[in-house]
Number of protein chains: 2
Amino acid sequence: MLLANFYNICEMNKIKITPQRVEIFKELIKNNDHPSVTKIYQRLKKKYPNISFDTVNRTLQKFVELGLARVVEDFEDFRRYDGVIENHHHFHCIKCHRIIDVFDEQLKEIEIPEGLKNTFNILEAKIIFTGICDKCKSD
Amino acid sequence: MLLANFYNICEMNKIKITPQRVEIFKELIKNNDHPSVTKIYQRLKKKYPNISFDTVNRTLQKFVELGLARVVEDFEDFRRYDGVIENHHHFHCIKCHRIIDVFDEQLKEIEIPEGLKNTFNILEAKIIFTGICDKCKSD
DNA sequence: ATGTTTGCAAATAGTTTGCATCCAG
DNA sequence: CTGGATGCAAACTATTTGCAAACAT
């Protein structure tokens, strides 16, 4: 996502291009380190001491609405527990938030790319499917 | 994970087998619907009105320590944003919490099991690798 | 001009902590 | 008995909301 796209998308959606929004967007894409709201806020506060945490927070949410950004691993915002210890995959329904275990022979051994295997110690590779579940489909 | 294992693991780790722990464990594995603390608390409160939210919360954490349970998609507990819109995978470092984008041709098309494809509307299939990153490996 | 956006402050939700009491071993 | 476990209440953290003032168009 480039800065030029940012302007286009803002105009298309008729949302105002404010200095804060421009700076927040630039900070978001600058080094792609998946920053939190607080991170972006802290970085911007150095250059623009007047910016508020709240604006950063709301702006990032707006960006997600507009398709300019995504929330990292965006599931529910509270902890859930799993009694199944063995490695397995999950399906998340985006409507009812059901989580369904996925056990599949084919997916059991995920091919870990050489680049990754050599650089990091990979402890787990888990597929997370998101979509709409059977119950919610029929609504 | 079975109830018998629960007793064994508690004994092995010399933690007390209290009625609360037994009930919380049974509730966790009963229908494997990935319950939140609040869910388990609410369900148990019907039968055991004296149980406290706090005990449920701490017990579940204890279960994770002992390897009796897992936290679902257990990443950091605050929201992080991604400026990359295109589908891609992530590597999470469990030590420094860096998140690194994984783009890989081989992984681009994840084989979605027929069973899943037929039952749900799958919108995304994303692999989340967890492990220890290059920087943290050398510490 | 005017309706959106901003900054502030207070509220909220989920989780955690401190501590006195209780109970499993 | 005794140290770990429980229940309660208060604290904490991340996020959200309401509102008046400021600004982009």
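Side chains included, hydrogens not; waters and symmetry mates left out as well; all remaining heavy atoms used.
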Report the nucleotide, chosen from C/dG7, D/dG7, D/dT25, that has the shortest atom-to-atom distance to any side-chain atom of A/Lys16. D/dT25

Can you identify which nucleotide, out of D/dT15, C/dG3, D/dT6, has its nearest atom closest to the B/Arg58 side chain? D/dT6

Spacing of A/Lys14 atom NZ relative to C/dT4 atom P, expressed in whole Å: 13 Å

Separation of C/dT5 C1' from A/Ile24 CD1 (nearest whole Å): 11 Å

Less than 4.0 angstrom between a side-chain N/O of A/Thr55 and OP1 or OP2 of C/dT6, yes or no? no

Think B/Thr18 has a side-chain N or O under 4.0 angstrom from the OP1 or OP2 of D/dT6? yes

Whole angstroms only, please: what is the NZ-C1' distance between A/Lys62 and D/dT15? 17 Å

Can you figure out which of D/dG7, C/dT6, C/dA24 approaches the side chain of B/Pro19 most closely? C/dA24

Closest to the A/Asp54 side chain, choosing from C/dG18, D/dT17, C/dT5: D/dT17

Whole-Å distance between C/dT17 C1' and B/Gln61 CD? 11 Å

Can you see if the side chain of B/Gln20 gets near the phosphate of C/dC23 - specifically, an N or O under 4.0 Å from OP1 or OP2? no

Can you check whether B/Phe6 and B/Phe63 have ring centres sitting under 6.0 Å from each other? yes

What is the separation between atom CD1 on A/Ile51 and atom C1' on C/dG7, rounded to the nearest whole Å? 10 Å

Are A/His92 and A/Phe129 an aromatic pair, judged by ring center distance below 6.0 Å? no

Of the nucleotides C/dT5, C/dT15, C/dT6, which has the atom closest to the A/Ile15 side chain? C/dT5

Atom CD of A/Gln42 and atom C1' of D/dA14: how far apart are they, to the nearest Å? 13 Å

Nearest to the side chain of B/Ile17 - C/dG7, C/dG25, C/dT5? C/dG25

Given C/dT5, C/dT17, C/dT15, identify the nucleotide with an atom nearest to the side chain of A/Arg79. C/dT15

Tell me: OH of B/Tyr41 to P of C/dG14, nearest whole Å? 14 Å

Among side-chain atoms of B/Asp101 and B/His89, is any donor-acceptor pair under 3.5 angstrom? no

Starting the side chain at C-beta, find the nucleotide from D/dG7, C/dT6, C/dT15 nearest to B/Asn57. C/dT15

Of A/Arg21 and A/Phe78, whose closest DNA chain C nucleotide lies nearer the 5' terminus? A/Arg21

Under 6.0 Å between the ring centres of A/Phe91 and B/Phe120? yes

Ignoring hydrogens and geometry, is there a side-chain-to-backbone donor-acceptor pair from B/Arg98 to A/Asp33 under 3.5 Å? no

Given atom CD of A/Glu11 and atom P of D/dA24, what is their separation to the nearest angstrom? 15 Å

